[in-house]
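Written below as structure tokens is the structure these notes are about.
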Amino acid sequence: MIPTLAWTPEGVRFIDQTKLPLEESYVVATTYEQVADVIVTMVVRGAPAIGVSAAYGIALGAIGATASTAAEFAPEFDAICARLAGTRPTAVNLFWAIDRIKRLFAGLLADQANIAEVRERILSEAHAMYDEDIAACKAMGAFGGELMPQEGGVLTHCNAGALATCGYGTALGVIRSAVEQGKHIHVFADETRPFLQGARLTAWELMADGIPTTVICDNMAASLMKAGRIQAVVVGADRIAANGDAANKIGTYNVAILAKEHGIPFYVAAPWSTIDMATPTGDSIPIEERPQIEVTHHGGRQLTPDGVGICNPAFDVTPAKYIAAIITERGLLRAPFGESLLRERPQ
Ligand code: MRU
């Protein structure tokens, strides 16, 4: 399995996703500040991977602390959590992971734990999240694989694969599982401007698995759909609101509208850590605005005239009405999502 991130005796080791597919190199973060930088610069990206990275970042912060008790460590703990929470606003898995460690820490404070216990418990919680993430991807794969056509084209946008999770992937996990079930799937990977997660990352990891893949420019999907070459769409999500509206990589909304127009089912695969029942609709999901240079330049080369207006929202929101099913590790959810999410949510 692709080693997206791993805990090592030196720190957290990340495959550098800014360098793929041309170079397979690794970055080791030894402090929580370095983990925050790695998230901001998208060395690691993808909602579930960001969440688990943040949990490991807090563990590094605890290991680096000079405090001797949980109580002494508390102000630093808050600062560490705030720094990591300030990295990327849309992926709710980040806040889910930080909140989970905060709840653990509140218990350690109440128990008057010493710093050795704090370090050990935070690290083992991060390891648990890592393992749970892979298990969730496998379960989503099993449920979602059933929805894939026996044979045909499946379009995906961005990278919701092993590289976006601790392994196996959400949307790409569904595709992997369908292939493991013996289905003959040909993946069409949107290149995903401006950061090219589809062209660089989805193509790289599916090729490593020998799954037939064709990269298309983002503006080619409609024509392929019209030509009957796409039988299903499956994407990931960064945050799903309580009514089923789903934020994902910019351009996902376009694909959903095109799929609807062509009568093609559009599926969203995401673990429950991506579902934000506290956000009522997609209108309240914060959308990250990324640096302009991601649009103005590519590979160090300037593409646009100096001074032109640039807009770079990293995500858009697909209204629930376009989604045929949400694939979770607990099963498939169908419309009306407001009701199915409420009914099926983990207690
Ligand atoms: O900006 P990115 O690359 O972090 O965006 C990633 C996506 O949009 C993914 O589709 C999403 O996080 C789901 S990953 C399983």
Side-chain angles (χ1 to χ4, degrees), residues 4-5 14-21 27 29 33-51 53-54 57 82-95 97-98 156-161 163-165 170-171 189-204 217-219 235-241 245-256 270 274 276 279 282-318:
T4 307
L5 68 143
F14 299 93
I15 192 165
D16 187 345
Q17 300 194 33
T18 65
K19 303 265 168 46
L20 288 171
V27 172
E33 290 99 333
Q34 287 171 359
V35 173
D37 287 346
V38 152
I39 296 172
V40 168
T41 55
M42 292 170 69
V43 165
V44 69
R45 31 67 50 203
I50 291 170
S53 299
R83 171 74 185 97
L84 288 160
T87 52
R88 297 199 69 191
T90 305
V92 77
N93 305 60
L94 173 66
F95 308 100
I98 293 171
T156 189
H157 189 77
C158 193
N159 171 269
L163 288 166
T165 59
T170 58
D190 272 350
E191 65 175 350
T192 318
R193 276 280 292 156
F195 204 68
L196 302 179
Q197 289 94 330
R200 298 187 303 106
L201 309 176
T202 295
W204 182 77
C217 300
D218 295 338
N219 50 8
V235 298
D238 279 75
R239 188 186 297 234
I240 298 175
D245 292 351
N248 191 48
K249 180 52 54 193
I250 191 77
T252 304
Y253 178 31
N254 308 30
V255 176
T274 301
D276 179 8
T279 294
D283 292 343
S284 327
I285 297 178
I287 300 295
E288 175 184 9
E289 184 76 22
R290 299 273 313 164
Q292 295 189 354
I293 195 165
E294 290 177 358
V295 176
T296 58
H297 288 66
H298 188 68
R301 200 167 72 89
Q302 189 169 335
L303 304 173
T304 55
D306 287 331
V308 72
I310 298 292
C311 149
N312 188 15
F315 302 96
D316 59 24
V317 175
T318 297

Review point. Backbone N or O of Ile250 within a donor-acceptor pair of the His157 side chain at under 3.5 Å?
Key: yes
Practice item. Examine distances only and state if a side-chain atom of Arg88 and a backbone atom of Gly46 form a donor-acceptor pair shorter than 3.5 Å. Key: no
Check your understanding: Sequence neighbours excluded, which residues qualify as side-chain contact (heavy atoms from CB on, under 4.5 Å) partners of Pro291?
Key -> Ile293, Glu294
Check your understanding: Would you say the side chains of Asn159 and Arg45 form a donor-acceptor pair under 3.5 Å?
Key -> yes
Exercise for review: Count the heavy atoms of every other residue, nucleotide or ligand shown that sit under 6.0 Å from NE2 of His297, and state whether that count exceeds 12.
Suggested key: yes
Check your understanding: For Cys158, does its backbone N or O pair with a side-chain atom of Thr202 as donor and acceptor, under 3.5 Å?
Key -> yes
Check your understanding: If only atom types and distance count, is the side chain of Thr90 paired as donor or acceptor with the main-chain N or O of Pro286 below 3.5 Å?
Key -> yes
Review point. If you measure from the Lys or Arg side-chain nitrogens to the Asp or Glu carboxylate oxygens, is any gap between Arg193 and Asp218 under 4.0 Å?
Key: no
Practice item. Scan side-chain atoms only and decide if Asp16 and Thr18 contain a donor-acceptor pair under the 3.5 Å cut-off. Key: yes
Exercise for review: Begin with the C-alpha distance, continue with both residues' side-chain angles, and end with the deciding distance and a verdict on side-chain contact (heavy atoms from CB on, under 4.5 Å) for Glu288 and Asp238.
Suggested key: CA-CA 11 Å; Glu288 175 184 9; Asp238 279 75; over 6 Å; no
Exercise for review: Kindly give the heavy-atom pair with the smallest separation between Thr279 and Ser284, and that separation in Å.
Suggested key: CG2-CB, 3.9 Å
Review point. So, Arg200 side chain and Phe195 main chain: donor-acceptor pair closer than 3.5 Å or not?
Key: yes
Check your understanding: Do side-chain atoms of Asp316 reach the backbone of Tyr253 as a donor and acceptor pair under 3.5 angstrom?
Key -> yes
